[in-house]
Asks: 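My structure is below; once you've seen it, I'll send some questions.
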Amino acid sequence: MSPREHTPMQAELNAAGARRIDFARLASMREAGLIVIILLLCVAMSFASPHFLTWGNLRAMMMSFSIEGIVVVGMTILLIVGGIDLSVGSVVCFSMVISGALFLAGLDPWTASLAGIAASALIGAIMGFFVTVVGLNHFITSLAAMVIVRGLCLIITKGTPLSLFSLPPSFKAIGQGSFHNIPYVILIFLVVVAVFDFLLRRATAFRKVFYTGSNQKAAQFSGINTNQVKFWVTVLCSALAGFAGVIYMARFGAATPTFGAGMELNIIAAAVIGGASLNGGSGTIFGAILGMALLSVVTSSLILLDVSVYWQEMIKGCILLAAVSIDHFLHRRKS
Amino acid sequence: MTQAPILEIRGVSKAFGPVKALSDVRFELRRGEIHALCGENGAGKSTLMNILAGVLQPSDGEIWLDGQRVAIPSPAAAQRLGIGLVHQEIALCPDATVAENIYMAAINARRSPLMNFQKLYVEAQKVMDRLAPIPVRTKVADLSISNQQLVEIAKALTLDCKVLMLDEPTAALTESEAQRLFSIVRGLQQRGISVIYISHRMAEIFSLCDRVTVFRDGQYVATDPIADVSPDDVVRKMVGREITQLYPDKLAEAPGRVLLSVKGLSDSDCFKQVDLELRAGEILGMGGLIGAGRSEIAQTICGLRPATAGTVEIDGKPQRIRNYSDTVRSGLVYLSEDRKGSGVFLDMPIAANISALDLNKVTSLGLLNRKAEDRQAGELTKRLGVRMSGIGAAVSTLSGGNQQKVAIAKQLSVNPRVILMDEPTRGIDVGAKVEIHRLLRQLAARGVGIVVISSELPELIGLCDRVIVVHEGRIAGELGADALGEEAIMRLASGVKNSSTQQAAHVA
C-alpha cells in the first residue's frame with residue numbers, strides 16, 4: 001500500500017521534529033474548519049438580522065448549549081472508547097427527578113443533587129456491567145436503559161412534573177445567577193470543558209481510552225484492562241449527564257418527567273460533527289463543543305429568520321449528514 | 001517457448017500523488033509458466049497486481065494480453081479477460097458457507113432467481129477437494145486462517161482464468177499445506193494456466209517457479225530463468241546491496257542462567273503439560289504446525305489466557321499468572337503474531353504506540369510527559385531503523401516491516417529480560433527481516449532470553465540456538481544446534497516418531 005518507504009529522502013526525514021503532524025493535522029483542520037463556518041454564519045446573520053450579534057442573543061445561545069455541552073463532554077469520551085450512550089436524555093431527567101423528589105422529601109438541595117448525580121452514575125455502572133461482564137454492546141444496552149430510566153422517571157413522579165419553586169435562592173443561583181453578567185451556567189460549562197479537554201490530551205488514564213477505542217485487542221496485548229476502561233468511561237458519561245440534570249433543575253425550578261427526550265441525538269450529532277468517530281479511537285472535546293456551537297448558531301439563525309420549526313429539524317439533520325460525509329471523504333485514504 | 005507471451009506489460013507507471021509506486025516497469029509472462037515476482041515490501045509488486053486485477057489504473061503504459069492491447073478498468077473486466085488474483089489478505093464472507101464463498105462470482109452473475117444449493121455444494125466440494133477436504137457446508141468463520149486461505153485459492157480456481165496471480169499464498173499455510181498448494185499450482189500449469197507467484201520465501205520460488213522477475217523501489221531490475229540464478233543473487237537484486245550473511249552468527253559460548261522456566265503448564269483445551277526452559281543469551285525456537293498450540297502456550301505463559309495447571313518462573317521467581325501487566329512488570333513481554341489485529345494501534349502516532357506497554361514510564365503526577373514519550377520513541381526508532389516521516393505519524397502510514405519494528409520497539413521500551421515473539425517476521429520484506437534477526441541476536445548477546453515462534457523452517461534453523469517442536473498441544477521434542485534440520489523439525493511437528501526419512505519427507 002505504501003510504496004515509498006525506501007526512498008532515501010524519506011529515511012533522512014527520520015525523527016526530525018515532525019511531531020504529531022499527521023495525527024493532529026486532521027483534527028485541527030476539522031476544528032479550524034468548524035470555527036470558520038461558525039464565524040461565517042455569524043457574519044452573515046449579523047447582516048440578516050440586527051438582533052443576532054447582540055449580547056442578549058449570544059448569551060441565550062451560550063446558555064442553550066452550555067448545559068447540553070456538559071453531556072457532550074461525556075459522550076465524546078465514550079465515543080472515543082468505542083461506545084455510545086442513547087440514555088443520556090433519560091439520565092439527565094432521572095437526575096432532576098431524583099434530586100427534586102429527595103428535596104421535596106426534606107433533604108437539603110445540595111445533598112439531594114449529589115444523590116441525583118450518584119444515582120445517574122449508578123445507571124452508568126449498571127450499563128457498564130452489562131457491556132463489560134455480560135458482553136452486550138453499548139448501543140443495545142443504552143437503548144434499553146433509555147427506556148427503563150424514562151419509565152423510572154414517570155414512576156417516581158407519577159407522570160406529573162415536580163414543582164420545585166421552594167428551592168432556596170442560593171441553589172437556584174447555579175442555574176439563574178451570574179457573575180459580572182456572565183451566567184454561572186456558562187462558567188461551569190467552560191470549567192468542565194477546560195478540565196476534560198486537558199485531561200483527555202494529557203492524562204495517562206485517558207490515553208488508555210484512546211488505546212482501547214483504537215484497537216481493543218492491541219490494548220489488551222499491551223496489558224491494559226480494557227473492560228475497566230470501558231466501564232469507568234460509561235460511568236463518567238452518565239455521571240456528567242446527572243450533573244447536567246442538576247443544573248437544569250436549578251435553572252428551571254422544576255423536574256418534568258419527559259424532559260430531555262430526544263436530547264441524545266443532538267448530543268451525538270454534536271460530537272460527530274466535531275470529529276468523534278463512531279468506530280472509536282478519535283475525537284476531541286474542543287471539536288465536539290464546536291459541533292454543539294454550530295448546531296446552536298444554526299438553530300438560533302433559523303429562529304431569527306422566522307424559518308418554520310418544521311424545517312429546522314430537517315436542516316439540522318442535513319448538516320449532520322454533510323459533516324459525516326465530509327469526514328468519511330477525508331478519511332477514505334485510510335484503507 | 002518461442003511463442004508470444006500471454007501477458008506483457010510495457011512501460012507501466014503508477015503515481016499516487018507525488019509518490020511513484022511504479023516507474024516504467026516491464027514484465028513478461030510466457031504461456032504456461034510459473035513466474036515469480038520478487039521485491040521488498042514497497043517495491044511495487046502489489047501495485048502491479050492491482051493494476052492487472054483492475055483495482056488500480058496505470059498512469060502510463062500498455063498491457064498486452066494474448067497479443068492484444070487491453071484496458072482493465074474494473075475487477076469485473078479482469079475476470080472477463082481471464083485474470084484472477086488471490087489476495088494476500090483474506091476477503092471472504094465469514095457468515096456464508098465455504099460453497100457460497102467459492103461461487104460468489106458465479107452466483108453474482110446468475111440469472112435465475114433461485115439458488116440450486118444441492119448443485120452448488122456438489123460443484124464446490126469438487127473444487128475444494130482438489131486442495132483440501134474441507135466440508136463446503138461449513139461457515140467460513142469456523143475455519144482456521146490457513147483453511148480460509150485455501151478457500152480463497154479455491155475461489156480463484158473456479159474462475160476460468162488464463163492468468164492466475166497468487167500474492168503470498170503461503171503466508172498463513174503450514175509446510176504440508178504449502179506443499180499441497182504447490183502441486184496444485186503445477187497442475188494448473190499443466191492445464192495451460194500461466195501463474196504469477198509473489199512470495200518472500202526463496203525456497204518456494206526455487207522449487208516452484210520457472211523464471212523470476214525482481215522489482216526494486218518501483219523499478220524493474222531483472223528477469224532470469226530460475227536455473228541461472230541462486231537465492232543469494234535474487235536477494236541481492238531485491239535489496240540492491242550485498243547481504244553477505246542472511247542469518248547472524250549463533251551463540252558461541254554456553255548460555256547463562258535460567259531466565260524462564262515453565263513446568264507442567266496446561267490450559268483447558270489447547271495444550272497439556274508443557275515444560276520449557278530458556279536461558280539468558282539464547283534464542284529458543286518454537287516450531288510446529290499452525291494450530292498446534294504454540295501461540296496459546298506463549299499467551300498463557302504471559303497471562304493473556306487462563307492456565308489450568310502449571311508453574312512459571314521468571315529469573316528464579318515464581319509468577320502468579322494472572323494478567324499481562326503483571327507479567328510485563330516482571331520483565332516478560334509477548335509480541336503478537338497478528339500485527340494489525342493486536343500488535344499495533346494503526347491510527348495512532350508511532351510515539352503513542354511505543355509507550356503503550358508501560359505508560360507509567362512516561363507519566364508524572366498522572367499526566368503524560370510528552371517529552372519523555374518523544375525521547376523514548378526517538379531513541380527506539382533510531383535503534384531499530386524505523387523508516388518514517390516522524391514519530392508523530394500514524395503507524396498506518398508505514399510499511400509492514402516498519403510497523404513490525406514499531407511493535408518490537410514497544411516491547412523493548414520496558415527493557416524486558418524475556419521476549420516471546422510470535423512470527424516476528426511474517427509478511428515483511430527480506431531487508432527488514434534481516435535487520436530484525438540481527439536485532440534479536442544483539443538483544444540475546446546482552447543477556448536477554450528470546451523465544452521465537454515461527455512457521456518458517458529456515459528461520460527456525462538459521463536464527464535459533466535450539467528448537468522445541470509442538471505437536472497437538474504437547475512438546476514433541478527438542479533439537480539442539482547440531483540436530484537442527486528441516487526434516488527433523490517436520491518429523492516432530494507432524495507427529496511422525498520413529499519412522500524412516502522417506503516417510504517424513506512424504507509428510508512434509
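Here is the naming used below: chain letters follow the sequence lines, and residue numbers restart at 1 for every chain.
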Asks: Return each pair, listed once, that meets salt bridge (charged side-chain N to carboxylate O under 4.0 Å, His left out) where at least one residue sits in residues 187-199 of chain A; pairs must be two or more places apart or across chains.
Replies: A:D197-A:R201
Asks: Taking all atoms of both residues into account, what is the closest heavy-atom pair of B:S325 and A:G223, and its distance?
Replies: CB-O, 3.4 Å
Asks: What's the shortest heavy-atom distance between B:S355 and A:Y211, and which atoms?
Replies: OG-OH, 3.4 Å
Asks: Is it the backbone or the side chain of B:Q411 that comes under 4.5 Å from a heavy atom of chain A, or both, or neither?
Replies: neither
Asks: A:T204 and side chain to side chain donor-acceptor pair (under 3.5 Å): which single residue from B:N360, B:N369, B:T363 fits?
Replies: B:T363
Asks: Only pairs at least two apart or in different chains count here, so list each salt bridge (charged side-chain N to carboxylate O under 4.0 Å, His left out) that has a residue in residues 210-222 of chain A.
Replies: none
Asks: Do B:C302 and A:F221 come within less than 4.5 Å of each other through their side chains, counting heavy atoms only?
Replies: no
Asks: With a 4.5 Å cut-off on heavy-atom pairs, point out which of B:S336, B:G343, B:G341, B:G303 contacts chain A the most.
Replies: B:G341
Asks: Given that the side chain runs from C-beta out, which part of A:Q220 has a heavy atom under 4.5 Å from chain B: side chain, backbone, both or neither?
Replies: backbone
Asks: Taking the side chain from A:N215 and the backbone from B:D347, do they hold a donor-acceptor pair closer than 3.5 Å?
Replies: no
Asks: Could you tell me which non-hydrogen atom of A:I224 sits nearest to which non-hydrogen atom of B:A356, and how far apart they are?
Replies: CD1-O, 4.4 Å
Asks: Given that the side chain runs from C-beta out, which part of B:K410 has a heavy atom under 4.5 Å from chain A: side chain, backbone, both or neither?
Replies: side chain
Asks: Which atoms of B:T327 are under 4.5 Å from chain A, going by heavy atoms: the side chain, the backbone, both sets, or neither?
Replies: neither
Asks: For B:V328, is it the side chain, the backbone, both or neither that has a heavy atom under 4.5 Å from a heavy atom of chain A?
Replies: neither
Asks: Measure B:L304 against the heavy atoms of chain A and call it side chain, backbone, both or neither at under 4.5 Å.
Replies: side chain
Asks: Is it the backbone or the side chain of A:F206 that comes under 4.5 Å from a heavy atom of chain B, or both, or neither?
Replies: neither
Asks: Of all heavy-atom pairs between A:S214 and B:F345, which one has the smallest distance, and what is that distance?
Replies: OG-CB, 3.6 Å
Asks: To the nearest 0.5 Å, how far apart are CG in B:L368 and CZ in A:R207?
Replies: 5.0 Å
